[in-house]
Amino acid sequence: MVEELLTAAIATGVGVVVYVGAAARVVKQYERGLVFRLGRLREEIRGPGFTTVVPFVDRLRKVNMQIVTLPVPAQEGITRDNVTVRVDAVVYFKVVDPASAIVAVEDYRFAVSQMAQTSLRSIIGKSDLDDLLSNREMLNQGLELMIDSPAVGWGVQIDRVEIKDVSLPETMKRSMARQAEADRERRARVINADAELQASHKLAEAAEVMSEQPAALQLRLLHTIVAVAAEKNSTLVLPFPVELLRFLERSAPPPAAAPARKEPAPAGPASEGPGPAEVADADADADALEGAPVPDALGGPADGLMLDAPAPEQERDGLRD
């Protein structure tokens, strides 16, 4: 009798242990438990810790309440300005209603992933390339709103959506590089022109000061020579200012006045014969020749020999004879 009681007690203990082992469940801190009794969801949501269910009757479903990081595969699309790009993103979400996440949708992870992909394609088609590259904050907010709207009914809350990378074609990259280079060159030219303008103003002021004191220009020239000579160059180019030449011209004495040259009188008409001025010049030449000495054969003047020029009347009489 005692042996039978002992056997029954052992069997009962083993049954209780088996029952407790089959009914015992442990829910972790970041999880929530949903109990389905004969396929019907119980309203009570099991919190973290130890809990029990009816073996072979109840079925416990655990739901993770942590924030899930879901990468969105790269989507290829055409932007509003007709540029083909590949964009990938990442979605951060968490379950806020375990019952809706299990009952309302078959697989909330897959649903959120597909919704993120379609929303990302829609954002690409509605945006320009410049917005995708520089205005990502606004695109992230728009993408978050597009995903969060249907996810509310699934018991899922979208915490954040980030566009990770935008892949461009090589031709577009080269075009953008040339555009950036041209923009940099334009800015450099503007800065250089502004510097030239400021330098011209300063040089004009310096020239005005030097014009008041001519010695300042000479001092500046000497400083320039010293600065060039300090470089130990084999060739020294010395600028000679025009102002120095003008200074030398002003300091030089004026040249002596040259004797006035007698200008010949204008000749009269051919039909009228020689004018009075020509006749006077011819008489003066004849008078000068009357007293001129006659050179001898050696080239010197003859001693005391003077020849008188014949008169014009005598010449005409001799020609007639």
Side-chain angles (χ1 to χ4, degrees), residues 27-36 41 43-48 60-180 183-184:
V27 179
K28 297 180 181 179
Q29 180 67 36
Y30 55 85
E31 294 177 340
R32 298 295 182 269
L34 300 177
V35 178
F36 290 88
L41 178 64
E43 295 181 359
E44 181 185 1
I45 297 177
R46 306 296 175 89
L60 182 66
R61 179 75 179 269
K62 298 178 182 179
V63 180
N64 193 341
M65 304 295 292
Q66 291 177 316
I67 295 177
V68 180
T69 302
L70 180 65
V72 181
Q75 303 297 313
E76 184 173 357
I78 300 177
T79 60
R80 191 167 58 180
D81 50 354
N82 299 326
V83 179
T84 303
V85 294
R86 290 177 60 88
V87 182
D88 56 352
V90 58
V91 180
Y92 301 91
F93 69 93
K94 64 181 179 180
V95 177
V96 293
D97 188 0
S100 299
I102 298 300
V103 176
V105 62
E106 179 181 3
D107 187 353
Y108 64 90
R109 288 175 176 264
F110 182 74
V112 172
S113 176
Q114 294 299 314
M115 179 57 65
Q117 294 180 30
T118 55
S119 300
L120 183 58
R121 283 179 174 271
S122 178
I123 286 292
I124 293 174
K126 294 179 181 179
S127 304
D128 294 331
L129 179 61
D130 295 337
D131 294 335
L132 289 175
L133 295 177
S134 61
N135 196 11
R136 293 189 181 182
E137 292 295 333
M138 185 179 66
L139 297 180
N140 292 337
Q141 294 177 2
L143 187 58
E144 180 180 348
L145 291 176
M146 294 179 67
I147 301 175
D148 190 57
S149 298
V152 173
W154 305 336
V156 177
Q157 178 183 353
I158 306 299
D159 282 351
R160 190 166 185 173
V161 181
E162 292 286 342
I163 295 176
K164 290 199 303 184
D165 188 22
V166 179
S167 300
L168 301 175
E170 293 297 328
T171 56
M172 181 58 63
K173 290 181 180 179
R174 289 194 294 269
S175 299
M176 295 176 65
R178 289 195 298 268
Q179 179 184 359
D183 183 67
R184 290 287 182 180

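Only heavy atoms go into these numbers, but all of them, side chains included; no hydrogens, no water, no symmetry mates. Since the structure is predicted, the reported quantities are computational estimates derived from the model, not experimental observations.
- Side chain of Arg121 to backbone of Glu76: a donor-acceptor contact under 3.5 angstrom is found.
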- Message: With side chain to side chain contact (heavy atoms under 4.5 Å, CB included) as the criterion, how do Phe93 and Asp159 come out once you've worked through the C-alpha distance, each side chain's angles and the decisive distance to 0.1 Å?
- Response: CA-CA 5 Å; Phe93 69 93; Asp159 282 351; 6.0 Å; no
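- The two residues Arg46 and Leu60 make their nearest non-hydrogen contact at CG-CD1, 4.3 Å.
- Side-chain contact between Met146 and Val161: absent, with no pair of heavy atoms (C-beta onward) separated by less than 4.5 Å.
- Judged purely by atom type and a 3.5 angstrom limit, Ser100 has no side-chain atom pairing as donor or acceptor with the backbone of Ala104.
- In this structure the side chain of Asp130 never reaches within 4.5 angstrom of the side chain of Asn135, judged on heavy atoms.
- Annotation: the span from Glu43 atom CD to Leu41 atom CG amounts to 8.0 Å, rounded to 0.5 Å.
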- Show your working on side chain to side chain contact (heavy atoms under 4.5 Å, CB included) between Val68 and Val156 and close with a plain yes or no. CA-CA 10 Å; Val68 180; Val156 177; over 6 Å; no
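- Around CD1 of Ile78, the count of heavy atoms belonging to other residues, nucleotides or ligands within 6.0 Å does not exceed 12.
- Minimum interatomic distance between Gln29 and Pro48 (heavy atoms only, all atoms of both residues): CA-CB, 3.6 Å.
- Note that OG of Ser149 and CD of Glu144 are 10.0 Å apart. Values are rounded to the nearest 0.5 Å.
- Asp81 places no side-chain N or O within 3.5 Å of a backbone atom of Asp128 that could act as its donor or acceptor partner.
- For the pair Gln75 and Val87, the minimum side-chain heavy-atom distance is 4.5 Å or more.
- A side-chain contact (heavy atoms from CB on, under 4.5 Å) with Arg136 is found for exactly one of Val166, Asp131, Leu143, namely Val166.
- Scanning for salt bridge (charged side-chain N to carboxylate O under 4.0 Å, His left out) contacts around Glu170 gives Lys173, with sequence neighbours left out.
- Summarising the geometry, atom CD1 belonging to Ile102 is positioned 9.0 Å from atom CG belonging to Asp107; distances are rounded to the nearest 0.5 Å.
- No side-chain donor-acceptor contact under 3.5 Å links Asn140 to the backbone of Arg160.
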- Message: Please determine whether side chain to side chain contact (heavy atoms under 4.5 Å, CB included) holds for the pair Thr79 and Ile124, giving the CA-CA distance in whole Å, both sets of side-chain angles, and the decisive distance to 0.1 Å.
- Response: CA-CA 5 Å; Thr79 60; Ile124 293 174; 4.3 Å; yes
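- In this structure, Arg32 and Ile45 approach most closely via the heavy-atom pair CB-CG2, 4.0 Å.
- Pro73 and Leu120 get closest at one heavy-atom pair: O-CD2, 4.4 Å.
- Atom CG of Leu133 sits about 5.0 Å away from atom CE of Met176, to the nearest 0.5 Å.
- Checked by atom type and distance alone, the side chain of Thr118 pairs as donor or acceptor with a backbone atom of Met115 at under 3.5 Å.
- What you find for Ala74 and Arg86 is that their closest heavy atoms are CB-NH2, 3.5 Å.
- The distance from the CG atom of Asp183 to the CZ atom of Arg178 is 15.0 Å, given to the nearest 0.5 Å.
- Judged by distance alone, the side chain of Asn64 and the main-chain N or O of Gln66 form a donor-acceptor pair under 3.5 Å.
- Of all heavy-atom pairs spanning Gly47 and Val27, the tightest one is O-CB, 3.4 Å.
- Separating the CD1 atom in Ile147 from the OG atom in Ser119 is a distance of 5.0 Å, to the nearest 0.5 Å.
- Between the side chain of Ser113 and the backbone N or O of Arg109 there is no donor-acceptor pair closer than 3.5 Å.
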